[in-house]
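The structure under discussion appears below in the form of structure tokens.
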Number of protein chains: 6
Amino acid sequence: MTARMNDLGIVKRNIVRADKAAVAKLSTFGVATIHEAMGRVGLMQTYMRPIYPGAHACGTAATVLLQPGDNWMMHVVAEQLQPGDIVVAACTADNTDGFFGDLLATSFRARGAVGLVIDGGVRDVKDLTQMQFPVFCRAISAKGTVKATLGSVNIPVVCAGALVNPGDVVIADDDGVVVVPAAVAQMVADAAEAREANEAEKREKLAAGVLGLDMYKMREPLEKAGLKYID
Amino acid sequence: MTARMNDLGIVKRNIVRADKAAVAKLSTFGVATIHEAMGRVGLMQTYMRPIYPGAHACGTAATVLLQPGDNWMMHVVAEQLQPGDIVVAACTADNTDGFFGDLLATSFRARGAVGLVIDGGVRDVKDLTQMQFPVFCRAISAKGTVKATLGSVNIPVVCAGALVNPGDVVIADDDGVVVVPAAVAQMVADAAEAREANEAEKREKLAAGVLGLDMYKMREPLEKAGLKYID
Amino acid sequence: MTARMNDLGIVKRNIVRADKAAVAKLSTFGVATIHEAMGRVGLMQTYMRPIYPGAHACGTAATVLLQPGDNWMMHVVAEQLQPGDIVVAACTADNTDGFFGDLLATSFRARGAVGLVIDGGVRDVKDLTQMQFPVFCRAISAKGTVKATLGSVNIPVVCAGALVNPGDVVIADDDGVVVVPAAVAQMVADAAEAREANEAEKREKLAAGVLGLDMYKMREPLEKAGLKYID
Amino acid sequence: MTARMNDLGIVKRNIVRADKAAVAKLSTFGVATIHEAMGRVGLMQTYMRPIYPGAHACGTAATVLLQPGDNWMMHVVAEQLQPGDIVVAACTADNTDGFFGDLLATSFRARGAVGLVIDGGVRDVKDLTQMQFPVFCRAISAKGTVKATLGSVNIPVVCAGALVNPGDVVIADDDGVVVVPAAVAQMVADAAEAREANEAEKREKLAAGVLGLDMYKMREPLEKAGLKYID
Amino acid sequence: MTARMNDLGIVKRNIVRADKAAVAKLSTFGVATIHEAMGRVGLMQTYMRPIYPGAHACGTAATVLLQPGDNWMMHVVAEQLQPGDIVVAACTADNTDGFFGDLLATSFRARGAVGLVIDGGVRDVKDLTQMQFPVFCRAISAKGTVKATLGSVNIPVVCAGALVNPGDVVIADDDGVVVVPAAVAQMVADAAEAREANEAEKREKLAAGVLGLDMYKMREPLEKAGLKYID
Amino acid sequence: MTARMNDLGIVKRNIVRADKAAVAKLSTFGVATIHEAMGRVGLMQTYMRPIYPGAHACGTAATVLLQPGDNWMMHVVAEQLQPGDIVVAACTADNTDGFFGDLLATSFRARGAVGLVIDGGVRDVKDLTQMQFPVFCRAISAKGTVKATLGSVNIPVVCAGALVNPGDVVIADDDGVVVVPAAVAQMVADAAEAREANEAEKREKLAAGVLGLDMYKMREPLEKAGLKYID
């Protein structure tokens with residue numbers, strides 16, 4: 001295949017999804033823990049927020065690139081969904097229109113999708129909340145969209161500042177959204193597990209009044225950096 | 001009446017309110033549905049958010065134009081309220097001060113108002129939530145306001161990007177705020193009803209796994225637009 | 001002590017905290033009431049929001065100045081906390097990283113802190129909500145921070161536009177965050193009490209349909225200002 | 001004509017433009033002066049900025065309502081332009097795409113337009129600056145737009161928070177954009193003239209060291225309001 | 001003097017201004033250099049921008065606290081100005097109205113002021129540019145203000161996130177605005193001088209192709225921190 | 001090489017740069033033209049602005065990933081520069097500190113760099129403008145940075161919403177910043193050339209008064225879409 005100047009108007013049917021066991025394991029950890037386990041990379045920008053408190057989703061990314069004010073490709077991606085997928089929608093321009101509502105959520109769920117992450121707006125928030133369909137977005141907007149211009153499905157996209165390849169694991173909760181490349185999903189899941197175990201012990205000590213200064217042995221480096229105590 | 005250079009310092013007492021039956025019917029539909037039924041116009045900007053999840057209001061607009069940091073006119077509009085009105089407050093400049101709190105809410109409710117839409121800030125959010133008085137605003141701010149400069153009441157205002165004439169129907173819910181001109185309220189209510197009926201059927205099909213691609217007959221136009229499927 | 005060019009790298013151990021009785025009394029009033037009782041000053045900017053609805057905190061300020069992307073000083077301030085303190089964290093630059101999570105909350109609580117006000121980001125929102133540890137912040141972000149550069153503890157800081165001296169009373173609720181200088185805490189508490197009593201009576205009148213126009217005797221000044229009623 | 005639910009898909013050919021003499025007179029005053037002469041109303045929001053310092057335009061509004069990411073209607077409005085018109089472009093949703101560039105500027109100028117005010121983005125800024133074609137916009141963006149969905153031409157629009165009727169006078173300079181309804185154009189021009197004359201005299205006094213406190217006789221009202229001088 | 005609950009309605013006539021020689025010396029350095037010389041503190045937020053490229057001002061702060069939409073106090077501060085002062089205007093709430101224009105600039109200059117730093121809006125930008133009166137602000141707005149509510153003059157204010165005491169040295173240029181406490185003005189001026197000398201030498205080396213890696217001896221600490229070079 | 005969980009702490013020395021002839025050709029076109037020639041993809045977000053009007057740069061990307069408030073890696077990337085490179089700096093978090101000033105510009109230029117694109121802040125704007133060193137950034141800030149935490153050099157980065165691989169062509173001018181993948185640089189340069197030729201002819205017709213409606217044959221599709229002309 002020759003190099004192309006752009007990827008608009010393309011639907012990739014076969015994508016390599018991250019290992020199911022790794023996805024299952026990642027689904028048991030929070031976004032902050034996974035982000036740390038990855039070495040502090042992979043986060044989307046902080047304007048991506050859940051539409052209801054406690055929303056949580058973890059799945060393999062089915063990606064879609066939208067045009068501003070146009071949700072045609074949302075119907076195209078629906079056909080490509082497999083159980084356990086999470087739809088990740090980017091847009092070719094900053095746009096907060098309502099690309100998604102309860103009808104599309106019904107369709108996505110029927111096809112097995114576990115949630116939506118969209119760098120744009122959504123609507124029917126009350127219905128989506130009642131359905132407990134987890135959505136993470138940049139805006140809520142009743143503004144309808146047209147179906148006139150092609151985007152693409154299952155190509156690499158930049159969504160809210162993060163690169164997402166189709167098949168990557170995407171985890172979203174109250175703390176934000178993180179992307180784990182498919183190739184390192186198991187490794188990150190293991191690292192998250194180790195970190196979590198570690199945290200339980202720390203939490204206990206801190207609850208007992210032990211200071212982080214002592215637990216993390218910070219007093220010496222702080223003194224070396226020049227910290228002065230005065231009265 | 002001669003043309004005036006501005007409308008500051010004016011209170012219009014007699015306004016023509018939208019038909020009560022149309023308002024009642026519109027109150028049974030969501031903002032997204034009504035916006036679609038109108039032909040995708042009439043929305044306020046997306047920064048207008050409810051102060052608590054699930055807030056909903058539908059009423060005839062009593063309008064008020066405020067000066068920055070000054071809520072004098074809020075007391076003037078209170079006297080002009082009739083049961084079923086929703087107060088729509090615009091400001092002559094960008095300002096997020098707390099123009100409104102639980103005392104004014106008590107007064108507005110006593111006069112029959114069903115809610116407030118304000119392109120500014122409000123305070124006493126906890127009390128307003130306990131009262132279940134629906135407020136849609138651009139900010140929450142404890143900052144108090146003065147009573148020193150005139151604005152106007154029941155003149156046409158631009159609120160959060162939408163033109164509102166006194167008497168228009170204003171509907172607000174978790175998806176945002178939409179304005180329906182009084183003259184077309186019944187027509188829009190009927191169109192919303194038709195659309196809603198239509199949606200129930202679509203939802204059922206989508207829940208059963210039918211694709212939007214087929215239900216909306218999109219495959220041909222997508223192919224014509226040049227969509228390519230690759231493996 | 002000679003004048004210093006800056007206060008980075010300093011921890012002040014002994015600070016004068018506001019009178020406990022005044023703090024206790026202030027904790028019974030809302031932010032809007034206290035802000036009014038102070039003469040409409042002392043508010044932080046409106047982007048400071050609680051991480052869960054209904055969050056409320058009132059305490060004596062232990063201040064910390066952070067560097068962007070660095071939460072080292074959060075561990076240093078932990079040691080300086082006394083029961084009833086609220087941590088007020090400013091940053092030397094605009095930054096929304098997650099400086100604080102459930103481990104630090106566990107530590108702060110063990111040391112007696114009643115909450116956190118931070119001009120930056122926090123994470124572990126679900127855990128913090130379950131702990132009912134009140135946090136008021138400018139952003140939610142899973143982004144981790146390093147421990148590499150000195151800031152200071154218990155120096156005067158500007159947090160979200162408000163000057164906070166260590167020992168000042170800081171009150172935060174759904175309406176925002178207000179700072180009461182330690183020296184006037186009792187005076188402000190008394191003024192808030194007077195105001196609150198006053199409000200109950202007003203609320204009753206307004207609920208009975210009395211207009212603010214009459215209750216506050218606004219008709220004459222409005223007419224004098226040139227307000228015109230038209231039909 | 002019956003009431004319509006929306007005005008999408010409509011081009012109004014005959015509009016009543018403000019009186020040419022009034023427009024000519026208004027073109028000699030700045031936006032701040034005209035805004036004052038109107039009684040402090042009619043301004044667009046402050047995010048509307050000129051693409052080069054010193055840009056100035058004054059004309060009769062030819063209005064266009066765009067869809068996000070779609071500039072089809074810009075070609076439709078071109079045909080409706082008459083010498084002395086200024087194009088005022090609103091959008092049905094928040095969108096910063098580049099709806100306009102040097103080709104459209106060439107076309108607009110050939111049809112007699114004196115400038116563009118757009119609540120969206122533009123591109124080819126270097127060329128537009130060389131042409132000295134005055135543009136006032138919310139963003140600069142190279143992002144291209146499609147031609148797929150209808151908007152309207154010469155209907156009333158809300159642009160950057162201000163209501164603009166076709167034929168109104170729109171004046172834009174470094175201070176922002178102001179809208180003068182056609183019916184009061186002459187009256188506002190006269191008031192601006194009076195104000196300007198007045199200002200020259202004031203400027204002279206102030207330059208000589210006279211204080212505004214004395215020139216505007218503010219000392220008494222300030223004292224009455226409770227101003228205290230301390231040492 | 002007893003503690004006051006707030007400082008509204010007060011004009012302080014006698015303030016201690018920073019040493020003239022220190023101010024003169026500071027005026028020869030840029031904002032970035034002075035900020036470094038102070039130990040990286042004292043900057044206002046980055047939204048404060050000059051109204052024309054190349055604007056530069058250095059003076060002793062005469063402070064004023066404004067109410068939103070009200071510029072009454074600007075006339076009060078004018079009387080308190082002494083040659084070499086720079087006016088620093090804060091506001092009790094977020095507000096972008098045009099508090100200042102060419103008339104006030106004429107008055108301020110006649111009183112000896114060297115510039116204005118305002119956490120609000122200004123207008124008459126073209127005139128101010130022609131006058132070469134340096135203004136640093138958060139917005140440009142033609143919106144006029146009223147004269148109805150008291151603020152204060154020459155009290156400590158928080159302006160764009162920085163604490164400014166009357167008499168402090170304020171320096172503003174294309175890089176932003178920095179505040180130097182009066183007590184350390186000479187010390188900071190000396191530190192800035194040392195730093196500047198130092199920079200000339202570095203610049204020469206870098207221009208000759210020497211790497212910062214070598215000049216600042218970074219190779220060892222980078223390796224220690226774990227930096228890996230790959231091919 | 002095994003899959004890595006993250007790419008922090010890595011410097012890639014050998015990168016494949018786009019063909020020099022293609023880069024040279026691309027440097028003769030504007031950002032808007034190149035973006036169109038690529039099929040309307042590849043733009044950075046619109047908040048990326050030049051520090052002076054008329055700034056223009058076209059080069060092969062040397063990428064750097066920074067940590068918030070830390071510019072250590074800027075010195076590391078300097079060593080990797082080759083003549084014709086443009087530095088593209090991303091940050092692991094939203095941060096507007098001044099990562100770059102005239103000393104680094106001197107160093108970059110000495111190493112052959114043609115400009116800087118940074119999703120962060122810069123300072124010494126006056127000096128950079130005098131040097132005519134083209135910088136495109138999200139903010140101007142005098143805030144200094146530390147040198148404490150590793151990032152990476154010449155790895156793929158997401159900068160202002162666009163994916164940039166080391167060696168890609170990056171073009172920046174008054175209209176924004178666009179990224180051309182190295183593999184398609186020649187193809188895009190050719191397409192830009194074709195488009196430009198085409199534009200000259202169109203410009204001439206439009207200047208002569210021909211309407212886009214006719215030149216682009218839009219009348220029929222507009223009618224088909226339902227456009228109505230009324231009087």
Side-chain angles (χ1 to χ4, degrees), chain A residues 1 4 7-15 51-53 69 71-81 96-98 101-112 121-131 138-155, chain B residues 29-50 53-56 161 171-179 195 198-219 221-231:
Chain A
M1 198 188 77
R4 287 189 315 278
D7 290 318
L8 291 179
I10 284 167
V11 183
K12 192 151 170 39
R13 268 184 297 225
N14 300 327
I15 63 172
I51 56 168
Y52 54 87
N71 77 343
W72 214 7
M73 287 300 113
M74 292 298 255
H75 293 279
V76 177
V77 75
E79 191 177 28
Q80 306 304 319
L81 293 176
T96 59
D97 291 357
D102 78 307
L103 286 185
L104 270 168
T106 301
S107 177
F108 281 14
R109 178 165 278 176
R111 309 292 297 186
V122 303
R123 56 187 189 172
D124 300 334
V125 163
K126 195 180 159 192
D127 296 323
L128 294 171
T129 303
Q130 279 168 352
M131 290 172 67
R138 76 180 301 168
I140 289 167
S141 169
K143 177 75 170 65
T145 49
V146 300
K147 298 174 208 319
T149 311
L150 294 187
S152 284
V153 167
N154 282 338
I155 63 164
Chain B
F29 304 110
V31 166
T33 298
I34 293 169
H35 154 72
E36 290 285 348
M38 279 225 295
R40 298 195 175 160
V41 296
L43 286 177
M44 290 193 186
Q45 290 192 287
T46 59
Y47 61 72
M48 297 295 282
R49 300 297 304 146
H56 173 267
I171 305 98
D173 65 18
D174 293 299
D175 286 351
V177 187
V178 68
V179 185
R195 191 179 163 81
N198 197 3
E199 285 215 342
E201 191 189 343
K202 285 184 200 167
R203 193 175 294 110
E204 219 169 297
K205 280 192 193 169
L206 293 168
V210 176
L211 286 166
L213 288 178
D214 298 311
M215 194 170 81
Y216 300 111
K217 301 191 195 314
M218 289 172 174
R219 292 193 191 272
L222 281 165
E223 195 189 340
K224 229 165 139 181
L227 192 67
K228 298 265 173 297
Y229 285 82
I230 63 175
D231 291 320

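We name chains A, B, ... by the order of the sequence lines, and we start the count at 1 in each one.
Other residues, nucleotides and ligands place no more than 12 heavy atoms under 6.0 Å from the NZ atom of B:K205. For A:Q130, the CD atom sits in a packed shell: over 12 heavy atoms of surrounding residues, nucleotides or ligands are nearer than 6.0 Å. Annotation for A:K126: atom NZ does not count as buried by contact number, only 12 or fewer foreign heavy atoms lying within 6.0 Å.
For A:L150, the part lying near chain B is the side chain, with the backbone staying farther off; criterion is any non-hydrogen pair under 4.5 Å. For A:V146, the parts lying under 4.5 angstrom from a heavy atom of chain B are both the backbone and the side chain. In this structure, chain B has no heavy atom under 4.5 Å from any part of A:V122. With a 4.5 angstrom heavy-atom cutoff, A:R109 does not touch chain B via any of its atoms. With a threshold of 4.5 angstrom between heavy atoms, B:E199 approaches chain A through its backbone and through its side chain. For a residue to count as touching a neighbouring chain, one of its non-hydrogen atoms must lie under 4.5 Å from one of that chain's; by this rule B:Y216 touches chain A with the side chain only. Contact of A:D102 with chain B is made through the side chain alone, with heavy-atom distances under 4.5 Å.
For the atom pair A:D124 CG and B:D175 CG, the distance stands at 5.5 Å (nearest 0.5 Å).
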Which pairs would a plain distance check flag for residues 222-231 of chain B, meaning a side-chain donor or acceptor within less than 3.5 Å of a matching protein atom at least two apart in sequence or in another chain?
| from | atom 1 | to | atom 2 | distance (Å) |
| --- | --- | --- | --- | --- |
| B:K228 | NZ | B:G226 | O | 3.4 |
| B:D231 | OD1 | A:R13 | NE | 3.2 |

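Looking only at heavy-atom pairs under 4.5 Å with chain B, the residue among A:T96, A:L103, A:V125 that has the most is A:L103. Considering only heavy-atom pairs separated by less than 4.5 Å from chain B, the leading option among A:G144, A:A148, A:S152 is A:G144.
Contacts classified as salt bridge (charged side-chain N to carboxylate O under 4.0 Å, His left out) and involving residues 41-50 of chain B (residues at least two apart or in different chains) are not found.
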